Amino acid sequence: MLRFPEGFLWGVATAAYQIEGAAREDGRGPSVWDTFAHTPGNIVNGDTGDVADDHYHRMESDVDLMADLGFKGYRFSTGWSRVYPDGKTVNQKGVDFYRRLVDKLLSKGILPAITLNHWDLPEALRWTDRDTAYRFGEYAETMFRALPEVPMWITHNEPWCVAMLGYWRGVHAPGVKGDLAAAVKVSHHLMMSHHLAAQAPHSGKIGITLSLFPSYPRSDSDADRAATVLSDGYTNRWYLDPVLKGEYPADLVAHFASLGADVNEFMQPGDLGGPRADFIGANYYHRRIIHATPGNDLGWAVTDRSPGVPTTDMGWEIVPFGLTDLLLRLGRDYDNVPVYITENGAVYDDEISPDGQVHDPARVEFLHKHVVAAHKAIEEGANLQGYFAWSFMDNFEWAFGYTKRFGLVYVDYATQRRIPKDSARFWGKVTAQNGVE
Ligand code: IFM
C-alpha cells in the first residue's frame, strides 16, 4: 500500500463554461468563449457551452453524487461573465449561485477550491488591455468578500493557454493567430492581475494553476538541448518565475524580444509586485519532446509522438514519470513550493455497457500509474499536498466540443443522466485509503 501524507487532499475538478450551461440565464453575460464557440468552424460539430452538463440547474444533485462517491475536494471555477456580465457591473444572481454551491459543498464536507478565471472572460473585455488586469482584481475582491469560508483560491487557470493558444496558435478564444506581441502582452496582464488579486484581503490560501510540461530534448545535440531550455521557458518558467520570483526569465525576455514581442515595452514598475503564491497548481497531462527548428516558428517544435509510447484517445502520450520529474523540479527550482496537482486525467471513448455501467479500465490504469508517480515524487522530497482528477464529469472540451470524454462520471448529453464510471469508484477508494495498492 502506498500511503500519502496525512491531510493530503484528494478531489475532482471542473470549470464553469465546460459544465454549467444556462448561458443566458439569471443575468449571465456572454464571454469570449460564447462568441468563439458560436463562430462556425471553431469547435468540432459546432458544439457550444450553451447547455453543457446543465450543472447550473443540477448543482445540488451533482454535489450529492460527489459526496456519495467519497470525493473530499472540489475545484470549480466561478464564471466571470456570470458574475460580471458586462465586465464592470456585479450580477448578484451570479454571485448567489456560487454562494449556494459553496454552502452545499460545505454541508457535505467537501472542500471548495475556487478558480476565478477559467477562460470565460466577459466579452466586453480583452486581455490585451491593461485595464482588464484591474477589472480582474475587482472581480477577485468581490468573490473574496462574498465567499469568506473558501480555504483555497486559484487566480487563473493555465495562462499559457489563454495567451498562446488564444493569440499565437488561434485555436482558443478569441482565436487570433500569429500575433506573438499580443500573446506576450496578454500573458503579462494575466501575471500582473494574479499579483493584484493575491494582494487583496482573502480567506485561506491563494495560488495559480499552470499547464506544466516536463520537456526533454529529442537528441543530445546542443541545438536540441538549447531549444528545450527555451521551450521549457515558454510553457513553464514564463509563468512560474513571475509568480514565485517576481520577474520574467531573462533568456525568454530576450528570445521573445528577438521575435518582436518585448515585454519591457508594456511592463511597468511594480507590476509583478514581488513573489506571492501560497502554492502552485500543476496541471499535468503529458511531456513535450523538443527539437530545434532554427529560423522557423519559435525556433523549436514538439516532436509528434515517440514510437512505442502508449497514448490516450486524445492522442496524448501516457508518461507517468513526467509527473515525478515535474514535481521534483518544482521543489528544486522553486524553493520547495507547496504544489497541488489541480488537473490530471485522460480521454477515452467510453460507452455504456449492456449492464448499464461504464467500464473504463484504461482510465483507472492511467490514474493508478500517475498516483504511483506522485507518491514516488513525495518520497523523493516533493512538497505535494493534494491531487484533483480532471474531471468530475464529462464536459465541453473546448475546441473538441463534446467529442472527448475526460470524466470520472459519464454524462449522457441527450438525457443529462450521470453514470459513475469505474474510475469514479476507483478515485473514491484512493481517497478513502489515502493511497493506492
Ligand atoms: O479541459 C481542459 C481544462 O479546461 C484545462 N486543462 C486541460 C483540460 C483538458 O484539455
Side-chain angles (χ1 to χ4, degrees), residues 11-21 31-34 36-37 42-44 47-49 52-53 55 74-81 113-121 154-166 169 171-173 187 190 207-214 235-236 239 280-288 302 311-319 322-323 326 339-350 360 362-363 366-367 370 387-411 413 423:
V12 289
T14 64
Y17 189 67
Q18 295 181 270
I19 63 163
E20 283 180 2
S31 77
V32 293
W33 264 96
D34 291 270
F36 187 73
N42 285 340
I43 312 289
V44 176
D47 290 340
T48 72
D53 293 341
H55 170 73
Y74 179 41
R75 171 182 175 236
F76 62 96
S77 77
T78 48
W80 189 349
S81 76
I114 294 188
T115 310
L116 290 164
N117 170 30
H118 202 121
W119 306 351
D120 44 7
L121 176 72
I154 294 165
T155 53
H156 298 294
N157 179 72
E158 301 176 338
W160 174 80
C161 295
V162 178
M164 294 299 162
L165 301 185
R169 300 295 180 208
V171 293
H172 278 192
S187 70
L190 285 158
I208 186 168
T209 279
L210 305 175
S211 41
L212 297 171
F213 303 90
T235 53
N236 305 330
Y239 305 92
I280 290 295
N283 289 357
Y284 175 70
Y285 290 94
H286 58 86
R287 66 175 170 184
R288 281 161 56 108
V302 179
T311 62
T312 64
D313 289 347
M314 192 75 167
W316 292 349
E317 287 186 346
I318 304 172
V319 184
L323 178 59
L326 170 66
V339 177
Y340 289 81
I341 297 167
T342 39
E343 289 180 26
N344 173 241
V347 166
Y348 287 103
D349 290 337
D350 306 304
D360 57 344
R363 186 175 290 101
F366 178 99
L367 288 169
H370 285 79
Y387 194 146
F388 295 82
W390 185 268
S391 174
F392 169 55
M393 56 186 164
D394 296 332
N395 58 51
F396 176 78
E397 177 53 22
W398 308 111
F400 297 93
Y402 297 99
T403 60
K404 302 290 180 197
R405 294 182 178 273
F406 267 104
L408 302 187
V409 172
Y410 183 92
V411 176
Y413 294 110
S423 56

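Just so you know, ligand 1 is whichever comes first in the structure, and atom 1 is the first atom listed for that ligand. Values in this document were obtained by computation on a predicted structure and should not be read as measured data.
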Proximity flag Trp316 to ligand 1, non-hydrogen atoms under 4.0 Å: yes
Geometric class of the Trp33/Tyr17 ring pair [parallel <30°, tilted 30-60°, perpendicular >60°]: tilted
Nearest-contact summary for atom 10 (O) of ligand 1 - protein heavy atom, Å: Glu397 OE2, 2.5 Å
Contacting atoms of ligand 1, where contact means under 4.0 angstrom from a heavy atom of Trp398: 1 (O), 2 (C), 3 (C), 4 (O)
Residue pair Tyr74 / Thr14, side-chain donor-acceptor N/O under 3.5 Å: yes
Sub-4.0 Å atoms of ligand 1 with respect to non-hydrogen atoms of Glu343: 3 (C), 5 (C), 6 (N), 7 (C), 8 (C)
Geometric cation-pi criterion, Arg405 with Tyr348: 6.0 Å, 45°: no
Residues in salt bridge (Lys or Arg N to Asp or Glu O under 4.0 Å) contact with Glu317, at least two apart in sequence or another chain: Arg287
His118 near ligand 1 by a heavy-atom separation under 4.0 Å: yes
Parallel, tilted or perpendicular: ring planes of Trp119 versus His172, cut at 30 and 60 degrees: tilted
Gln18 N/O to ligand 1 N/O under 3.5 Å: yes
Atom indices of ligand 1 within 4.0 angstrom of Asn157 heavy atoms, with elements: 5 (C)
